[in-house]
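Only a predicted model underlies this, so the values are computations on that prediction, with no experimental measurement involved.
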Amino acid sequence: DGKTGSDRRLLHRLTSGDHRNTYALVYSCINTLLAYDPVGLGVPFNHILLPDYDRENLALMCGQLLMVMFDSDSDPHALEASLAALQDPDIDFVWRGFARLLTAPIRSRLAYKRVDFGAELTALLLKLCEYNQRFRTTLLGSPAVMDIVVSMLVMINENHGTVVNTGLVQAAVFTLTMLSSERNFAVRLNKPLPTLPVLNNVPTLTNGTVADLLFIVFYNLLMSKDAELVALGDCLLTVLTNVSAYVKKLTMPAASRLGHLFEVYANPFFVFKEEENYRFVVSLVEIFNHFLQYQPAGNQAILYTLVRKRKAFDELRELFVEPVHVQAGFDSRVAIVDVHREPLVFSFEQVDSSSPAQIVKEKSKPSVLAKLDLNDSGVGVELPYEEEQESLLEPDTAKPVTWRPTAEWLEGWHSMLPLGTISRALELLVPQVERFCSESKAKSEQQVLEFLEKGTLVGVLPVPHQIVIRRFRNLDSAGTVWYGSYCWGTVVTKQAVPGLFRDARVRLFDVEV
């Protein structure tokens, strides 16, 4: 077959839609993969007494076969239709299977069997969410959806530092981006966080929610040095922007990391490094606006973070008054985070447009907040990666100079930056907090949080704008290339042991039924 190549004729035959058993093969693989139960009887260490290696390997091979089938060169309509045809009884079985297998790595630390199906499950979940709207809606309404989300966030956090698992992290982020366009997803993030094992670069979240874990894990990704992961910046900030208007309460560790992220991305050395870097700043300002306008009552940590980081907002407003700042930032070409702004395999469409609020200027004021003895909740302590920033504050001489910032470019986006809501909030909060700290001799952030809880922003902020939801579109041609690399890389790395029929001649024959 000159079109598909002689080495892929069987795969082309199975996935072209011409074969009567295509649907049967897809459904059989899904059934075998998602029916597998690594917990079994539910007794700790039962997998040692009653090993089931054959069923585990069979489920793994079915998952890999599904990945490979969706990477075929054939017309994808047959495979898309097979997933889109799943109805309610099948969908219930599918999401229960995902919940059981994706949470298995967390439960395995409690003396249960650990299975490594993350790549296969994430690929299948991505395709199901992409092709079956009914499945996506049912999943978001199921009682196990946040268990699945927490498992994916733990998986992202554990694997984002290893090159071999970069594809797994990307697939998980794409799936979460797709789910974040649904309101039900954002609302469900307010669910209390279950008990988790100790995670790298994730503090203990007392009384935290799933939203806290989401913001902290995404902060870790955005501060990563891995260019492949940093290229996910659009996806990561899209998720945070979509959900921020519905998060009722963010704890101090998550809020402080969000504030630190703003400091990094609003730095002129980063803004002037690439032509599209300002989009990071716009997204983060929109996130803060959502918290202020839609969920101010329970987000005292966000209010306190704004007060502490007000200098960064002042500099963002005043930085661009003098043209010398533009040239100084460009001449330094400092890479705080080396972010490639071109979308990797995705694009977004915007729903419900709104006009930005008018910017309200504010003069900087002296602060007594620095006298606070901040403690263990993530504000007064050094955040992860801050030590690494010094090594990143070096001129980026590897890239040729292809673009220079201009005053017209600056005016084009800076004049539309919606800082009015934040400015009005700071005009009210900064004097109040400074007066409280001075009069009460506050020694900890908890005292400030309790003070902010008694206040209100009602009647102070502008009228809330419409919530803008950015939707994840289907993978494009570049996404198809990425998916092929992801699925075949997974198969190769997991098949270190030669297969059963490797280097053997297999003769195929027809059987009449």
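- Looking at Met155 and Val169, their side chains never come closer than 4.5 Å, going by heavy atoms from C-beta outward.
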Evaluate side-chain contact (heavy atoms from CB on, under 4.5 Å) for Met67 paired with Asp71, printing each intermediate quantity in order. CA-CA 7 Å; Met67 294 180 70; Asp71 183 49; over 6 Å; no

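- Among pairs with a residue in residues 203-213, those fulfilling side chain to side chain donor-acceptor pair (under 3.5 Å) read Thr209-Asp212, Asp212-Thr251, at least two apart in sequence or across chains.
- You'll find the side chain of Pro253 reaches within 4.5 Å of the side chain of Leu205, heavy atoms only.
- Every residue two or more places apart in sequence or in another chain that forms a side chain to side chain donor-acceptor pair (under 3.5 Å) with Asn165 is listed here: Asn159, Thr162.
- In this structure, Phe218 has no ring-ring contact (aromatic ring centres under 6.0 Å, His included) partners at least two apart in sequence or on a different chain.
- Asn157 places no side-chain N or O within donor-acceptor distance of the main-chain N or O of Leu153, the cut-off being under 3.5 Å.
- In this structure, the side chain of Ser181 does not engage the main chain of Thr177 through any donor-acceptor pair within 3.5 Å.
- Applying the side chain to side chain contact (heavy atoms under 4.5 Å, CB included) rule to Met146 yields the partners Val149, Phe185, Arg188, Leu189, Lys191, Val210; only residues at least two apart in sequence or on another chain are considered.
- For residues 286-300, the salt bridge (Lys or Arg N to Asp or Glu O under 4.0 Å) pairs, not counting sequence neighbours, are Glu286-Arg470.
- The two atoms that bring Leu66 and Tyr483 nearest to each other are O-OH, 4.4 Å, heavy atoms only.
- Residues Thr32 and Ala59 come closest through the heavy atom pair O-CB, 3.9 Å.
- With sequence neighbours excluded, no residue satisfies side chain to side chain donor-acceptor pair (under 3.5 Å) with Asn132.
- Under the 3.5 Å distance criterion, the side-chain polar atoms of Arg96 are left unmatched by any main-chain donor or acceptor of Ala144.
- In this structure the side chain of Val173 reaches within 4.5 angstrom of the side chain of Leu221, judged on heavy atoms.
- Closest heavy-atom contact between Tyr246 and Ala186: CD1-CB, 3.5 Å.
- In this structure, the side chain to side chain contact (heavy atoms under 4.5 Å, CB included) partners of Ala119, at least two apart in sequence or on a different chain, are Leu168, Tyr486, Thr490, Lys494.
- Ser244 is linked by a side chain to side chain contact (heavy atoms under 4.5 Å, CB included) to Ile287, His290, Phe291, counting only residues two or more places apart in sequence or in another chain.
- Annotation: the span from Leu452 atom CG to Tyr304 atom OH amounts to 8.5 Å, rounded to 0.5 Å.
- For residues 245-256, no residue pair satisfies the salt bridge (Lys or Arg N to Asp or Glu O under 4.0 Å) rule, not counting sequence neighbours.
- The CG atom of Leu461 lies 9.0 Å from the CG atom of Asn289; values are rounded to the nearest 0.5 Å.
- In this structure, CE in Met69 is found 14.0 Å from CD in Gln64, a value given to the nearest 0.5 Å.
- In this structure, Thr103 and Ile148 have side chains that are not in contact, with every pair of non-hydrogen atoms separated by 4.5 Å or more.
- For Gln133, the side chain to side chain contact (heavy atoms under 4.5 Å, CB included) partners at least two apart in sequence or on another chain are Arg136, Thr137, Glu182.
- Inter-residue side-chain proximity for Gln295 and Ile302 is flagged as unmet; no heavy-atom pair is nearer than 4.5 Å.
- Distance alone, capped at 3.5 Å, places no donor-acceptor pair between the Asn242 side chain and the Val239 backbone.
- Ring orientation note: the planes of Phe280 and Phe270 are nearly perpendicular, at an angle over 60° on the 30°/60° scale.
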Go through the steps to decide whether Met416 and Val282 satisfy the test side-chain contact (heavy atoms from CB on, under 4.5 Å), and finish with yes or no. CA-CA 9 Å; Met416 302 296 291; Val282 175; over 6 Å; no

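- The backbone N or O of Leu86 lies less than 3.5 Å from no partner atom in the side chain of Asp90, so there is not a single donor-acceptor pair.
- Ring geometry for Phe313 against Phe262 counts as parallel: the plane angle stays under 30°, on a 0 to 90° scale with 60° as the upper cut.
- Taking all atoms of both residues into account, the shortest heavy-atom contact from Pro38 to Leu101 is CD-CD2, 3.6 Å.
- To the nearest 0.5 Å, the span separating CG on Leu222 from NE2 on His260 amounts to 12.0 Å.
- Considering only heavy atoms from C-beta on, Val202 comes within 4.5 Å of Asn220 through its side chain.
- Scanning both residues, Phe93 and Ile30, for their nearest heavy atoms gives CE2-O, 4.4 Å.
- With hydrogens and angles ignored, the 3.5 Å screen pairs a side-chain donor or acceptor of Tyr27 with a backbone N or O of Ser82.
- Electrostatic pairing of Asp37 and Arg55 does not count as a salt bridge here, judged by no charged N lying under 4.0 Å from a carboxylate O.
- Between atom CD1 of residue Ile469 and atom CZ of residue Arg183 there is a gap of 10.0 Å, rounded to the nearest 0.5 Å.
- By the ring-ring contact (aromatic ring centres under 6.0 Å, His included) test, Phe451 is found to be paired with Phe436, residues two or more places apart in sequence or in another chain being considered.
- Closest approach of Val285 to Pro418, counting heavy atoms only: CG1-O, 3.4 Å.
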Working for side-chain contact (heavy atoms from CB on, under 4.5 Å), residues Leu128 and Leu139: CA-CA 10 Å; Leu128 280 167; Leu139 174 66; over 6 Å; no

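- Inter-residue side-chain proximity for Leu176 and Leu236 is flagged as unmet; no heavy-atom pair is nearer than 4.5 Å.
- By the 4.5 Å heavy-atom criterion applied to side chains, Arg424 and Leu457 are not counted as neighbours.
- The side chain to side chain donor-acceptor pair (under 3.5 Å) analysis of residues 138-149, with sequence neighbours excluded, yields no pairs.
- From Leu126, atom CG reaches atom CG of Leu179 across 9.5 Å, with rounding to the nearest 0.5 Å.
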If you apply the rule side-chain contact (heavy atoms from CB on, under 4.5 Å), what do you find for Asn201 with Ile216, and how did you get there? CA-CA 8 Å; Asn201 296 320; Ile216 291 175; over 6 Å; no

